[in-house]
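Structure, as structure tokens:
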2 protein chains.
Amino acid sequence: MALYAEHGFEATTVADIAERAGLTKRTFFRHFADKREVLFDGSKDLEEHFVAAVLAAPEAAAPLDAVAAGLDATAEWFTGRREYAARRQRIVAETPELQERELIKMASLAGAVTGALRTRGVADPAAGLAAEAGVAVFRIGFGRWVADGNTAPMDHVLRDALAELRAVTAG
Amino acid sequence: MALYAEHGFEATTVADIAERAGLTKRTFFRHFADKREVLFDGSKDLEEHFVAAVLAAPEAAAPLDAVAAGLDATAEWFTGRREYAARRQRIVAETPELQERELIKMASLAGAVTGALRTRGVADPAAGLAAEAGVAVFRIGFGRWVADGNTAPMDHVLRDALAELRAVTAG
DNA sequence: CCTCCTGATGACACTCAGTGACATGCCTGC
DNA sequence: GCAGGCATGTCACTGAGTGTCATCAGGAGG
């Protein structure tokens, strides 16, 4: 990530990274499927936490309340990682290739959350829509959380964003 | 697209495409930024129609109603293209690389719609959330529209999905 | 009719991501 | 100590994507 931050993602070759790490290009590709994946190491873990929290929500909770529980779990997951997340975000934000990868991770998250909601007995397409909406809240909230000047903790930011979503879709 | 459908996206080289088209690889890349972009030729046009409809919605319309107008416009745009859209969708669905590209086009659409809503005087983050939710409705509705067995027209499918979203976020 | 200019294409060489195949060395369990 | 696995290195290769220069067709103007 140091190299990506210094020279930009595109200008950094896999050979550069491998050399910095004291490895071979070939070995790099044994650890990461491709050059982008380096920056998405934690996404599987995050997804699992989100899903677990959705599944663990009270049985009586409405779909979007279960999603809210998942959002709380992501906020907890990111505790103490704000600076790292912000630096990483800056790199992703300036590289379309990385944005694509970020988006497919978000889509994977949405798919996993959809599955969790179905497990809770939520029907289609409500499950998918609640999950997509929840991930939209996450994405927008995350952006505000890592933005310069923000001091609010992530759970507050996410709760605000969710309330905003409820308001805008009301009626 | 014939080649993609026949041999799969990954197994089709740009040289293959160029040969079929009676061109050179180099010329191919003068028309398309990359191998994926071939399948996303119309996305800019779709985006413009969506945005125009959002902007043209009655001034009194609520944010999500303006988005609904945009969704109607996309339904109209797809009129007569269902078979093409379905074939294309099949190719995209089986190729992660293409899904990534699809997602960034959706994100671009969401961004454009967000801008349109802001122009209408919708504040942040409501504009972004309404746009993201609207695009989620589009994506899920589109999937149902091109699915085997569906006979309902696209505007109906989209309206249903939007109603579903409203129901699931209510309260 | 000739010329000049422009825009599209071809030809060619190059970088770099990513993969397959095989060799090597290290560590572990027997 | 040894056999068998596992991580790494080496090498060669394919294919995407780019930069550069040459070629060619067509239109504007003399």
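Order of the sequence lines fixes the chain letters, A, B, ..., with proteins taken first and strands second; residue numbering starts at 1 for each chain. Since we're looking at a predicted model, the values are computed, not measured.
- In this structure, B:Asp34 atom CG and D:dA16 atom P are separated by 11 Å, rounded to whole Å.
- For the atom pair A:Ile104 CD1 and B:Arg101 CZ, the distance stands at 11.5 Å (nearest 0.5 Å).
- The aromatic rings of A:Phe78 and A:Phe142 sit tilted, their planes meeting at an angle between 30° and 60°.
- Rounded to the nearest 0.5 angstrom, A:Leu109 CG and A:Glu47 CD are separated by 5.5 Å.
- Distance B:Lys25 NZ to C:dA11 C1': 12 Å, rounded to the nearest Å.
- B:Phe28 has its CZ atom 13 Å from the C1' atom of D:dG15, to the nearest Å.
- Atom CD in A:Glu10 sits about 18 Å away from atom P in C:dT15, given to the nearest Å.
- Between the CZ atom of B:Arg36 and the P atom of D:dG15 there is a distance of 16 Å, rounded to whole Å.
- A cation-pi contact, defined as under 6.0 Å to the ring centre and within 45° of the axis, is absent between B:Arg88 and B:Tyr4.
- Between D:dA7 and A:His31, no contact under 4.0 Å exists linking OP1 or OP2 to a side-chain N or O.
- The interatomic distance linking B:Phe29 (CZ) with D:dT18 (C1') rounds to 9 Å, in whole Å.
- When rounded to the nearest whole Å, the span between CD of B:Glu19 and P of D:dG15 equals 13 Å.
- B:Glu97 places its CD atom 11 Å from the C1' atom of D:dG15, with the value rounded to the nearest Å.
- If you check C:dG20, C:dC12, D:dT8 against the side chain of B:Arg26, the one that comes closest is C:dC12.
- Within 4.0 Å of A:Thr24, counting heavy atoms only, lies at least one base atom of the nucleic acid.
- DNA chain C is contacted by both A:Arg30 and A:Thr13; A:Thr13 maps to the nucleotide lying nearer its 5′ end (nearest heavy atom per residue).
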